[in-house]
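Please read the structure below before turning to the comments.
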There are 2 protein chains.
Amino acid sequence: MEQDKLAALARVRLFEGLPKAQLATLAEIAQLKRVAAGQILFEAGQPGTHFYAVVSGKVRIYRSAPSGKEQVLHVFGAGEAFAEVPVFEGKTYPASAQTLDDSVLLTIPRKGFVEVLRRDPELALGVMALLSARLRGFVGQIAQLSLKEVPERLAGYLLLLRAAQHTDELVLDLPKGQIAAYLGTIPETLSRAFKKLSDQGLIETSGPSVRLLDPEGLAALAEAVR
Amino acid sequence: MEQDKLAALARVRLFEGLPKAQLATLAEIAQLKRVAAGQILFEAGQPGTHFYAVVSGKVRIYRSAPSGKEQVLHVFGAGEAFAEVPVFEGKTYPASAQTLDDSVLLTIPRKGFVEVLRRDPELALGVMALLSARLRGFVGQIAQLSLKEVPERLAGYLLLLRAAQHTDELVLDLPKGQIAAYLGTIPETLSRAFKKLSDQGLIETSGPSVRLLDPEGLAALAEAVR
DNA sequence: CGGCTGATTGAATCAGATCAACTGCTGTGG
DNA sequence: CCACAGCAGTTGATCTGATTCAATCAGCCG
């Protein structure tokens with residue numbers, strides 16, 4: 001069990017490369033949890049007592065409007081930490097979190113973590129880099145949402161996937177409805193955007209797989225975003 | 001001059017409460033700069049060599065699309081630090097910065113700052129809290145931009161100002177064109193949104209001053225944002 | 001084979017962007 | 001002191017991309 005925990009911690013990007021002693025300290029305060037798909041981990045407005053890391057599975061972070069429409073802010077997969085924001089601030093969760101698959105998560109209580117940070121400045125620097133990277137991502141997302149139309153945002157998203165999967169034969173990592181929410185739109189509009197890119201000869205789609213026929217063309221469309 | 005620098009550093013919220021020795025170290029590497037209104041400090045994509053703090057004046061952070069449309073991400077006033085992100089990543093600035101007023105700024109090269117950070121865990125925690133808060137701000141901004149229509153976003157913005165100014169007799173802190181860019185729209189549409197809220201009896205406007213007649217009504221409109 | 005869910009398509013509608021004209025204020029210079 | 005240039009803001013008319021509503025389709029599972 002403690003082995004599992006240590007191994008899990010070591011695979012969290014936030015803690016990668018930490019000396020063993022540090023990991024052991026963290027292991028003392030961290031908890032390993034198995035969570036079924038569809039479980040809500042926390043909801044917007046609740047006090048932030050713990051932050052999380054994904055060991056396996058997938059978690060989505062979202063905000064809902066009274067109308068019931070939901071905006072997906074992020075999807076976290078294995079190795080990623082999330083919800084550390086309220087931990088530093090001692091405030092409430094700004095968004096809700098729900099598992100998309102059966103998942104294994106690490107939960108780390110706020111109090112213990114602050115202690116560890118105080119003792120290890122290098123860890124603090126690592127955390128700052130992580131936050132900076134996340135910030136950079138949000139800047140890109142805000143620019144996308146407000147400066148671009150849906151087909152252009154989709155082009156940007158596909159190029160992102162291309163960079164992640166190292167191939168032009170993509171397999172969509174999320175159901176299309178989720179992708180729509182991530183791009184700040186709805187399935188119908190996303191569907192039409194896919195069609196538009198196909199009509200322009202930029203991509204070919206069949207089900208959840210997409211072939212990029214003209215990455216340069218896509219890049220031109222998505223230009224100046226991220 | 002060195003006096004000015006020290007005094008200026010001490011008034012930056014991020015450095016508040018820092019031991020004198022640390023401040024002196026920062027003073028050695030920091031530069032005080034007087035910058036005229038409208039100057040561009042850096043543009044998105046340039047290598048991030050320095051980060052900044054506002055001593056007096058105002059600086060806006062924004063992204064622009066090839067079309068020329070701009071999205072304002074943030075406006076910083078006296079006492080606030082910005083552009084810390086590239087400090088930790090050693091990469092490029094994710095957005096552009098421009099002075100809105102004649103301003104006095106502190107510029108701090110990243111190398112020296114990292115040194116100070118390493119030595120002072122308290123400062124590191126402060127930076128983390130700052131980055132976290134900014135992150136939270138962006139989460140809210142994304143939710144606003146994607147879940148809401150312009151009059152609703154405006155209502156949210158006015159309530160934000162109300163919280164900041166502790167009064168229902170607001171004075172807009174930015175020219176309306178800038179507010180439009182912050183809300184992800186254009187001056188024409190913002191103007192109509194103001195009119196709409198007035199017609200509904202929620203506010204009264206005259207020039208840059210706005211009186212909130214029905215804060216609850218505004219809150220209902222903006223609900224679920226922030 | 002139904003029946004559910006996710007995805008697609010079509011038609012109608014709407015919010016916001018665009019284009020253009022106009023107002024009002026400010027500051028500069030003759 | 002007035003005139004005019006210049007800019008911020010407003011208003012109106014039009015256009016367009018996206019959402020909404022509704023119907024249909026494909027795949028999957030009991």
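In what follows, every chain begins at residue 1, and chains take the letters A, B, ... in the order their sequences are listed.
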remark   = To the nearest angstrom, the CD-P distance between B:Gln144 and C:dG16 comes to 13 Å

message = Check the orientation of A:Phe82 and A:Tyr52. Use parallel for under 30°, tilted for 30 to 60°, and perpendicular for over 60°.
response = parallel

key: Side-chain donor or acceptor of B:Glu80 paired with backbone N/O of B:Gly77 under 3.5 Å   = yes

ask   = Atom CD1 of B:Ile179 and atom P of D:dA8: how far apart are they, to the nearest Å?
value = 14 Å

request  = For B:Leu172 and D:dT10, give me the distance from atom CG to atom P, rounded to whole Å.
outcome  = 10 Å

message = Distance check needed: D:dG17 P versus B:Glu149 CD, whole Å only.
response = 19 Å

For atom CG of B:Leu183 and atom P of C:dA17, their distance in whole Å = 11 Å

remark   = Counting primed atoms, P, OP1 and OP2 as sugar-phosphate and everything else as base, the B/S/- map of nucleotides 4-13 of chain C against protein heavy atoms under 4.0 Å is ---SSBBB--

ask   = Does NZ in A:Lys176 sit with more than 12 non-hydrogen atoms of other residues, nucleotides or ligands closer than 6.0 Å?
value = yes

query = If you measure from the Lys or Arg side-chain nitrogens to the Asp or Glu carboxylate oxygens, is any gap between A:Arg162 and A:Asp168 under 4.0 Å?
reply = yes

task = Starting at atom CD of B:Gln71, determine the distance to atom C1' of C:dG16, rounded to an integer number of angstrom.
result = 15 Å

Closest heavy-atom pair and its distance - A:Leu190, A:Ala180 = CD2-N, 3.8 Å

ask   = So, B:Gln71 and A:Ser146: side-chain donor and acceptor under 3.5 Å apart, yes or no?
value = yes

ask   = So, A:Lys148 side chain and A:Gly156 main chain: donor-acceptor pair closer than 3.5 Å or not?
value = no

note = Between CD1 of B:Ile186 and C1' of D:dG17 the distance, given in whole Å, is 14 Å

task = Look at the aromatic rings of A:Phe138 and B:Phe138 and report parallel, tilted or perpendicular, splitting at 30° and 60°.
result = tilted

request  = Return the angle between end axes of the helix from C:dC1-D:dG30 to C:dG30-D:dC1, with five pairs used per end and rounding to 10°.
outcome  = 20°

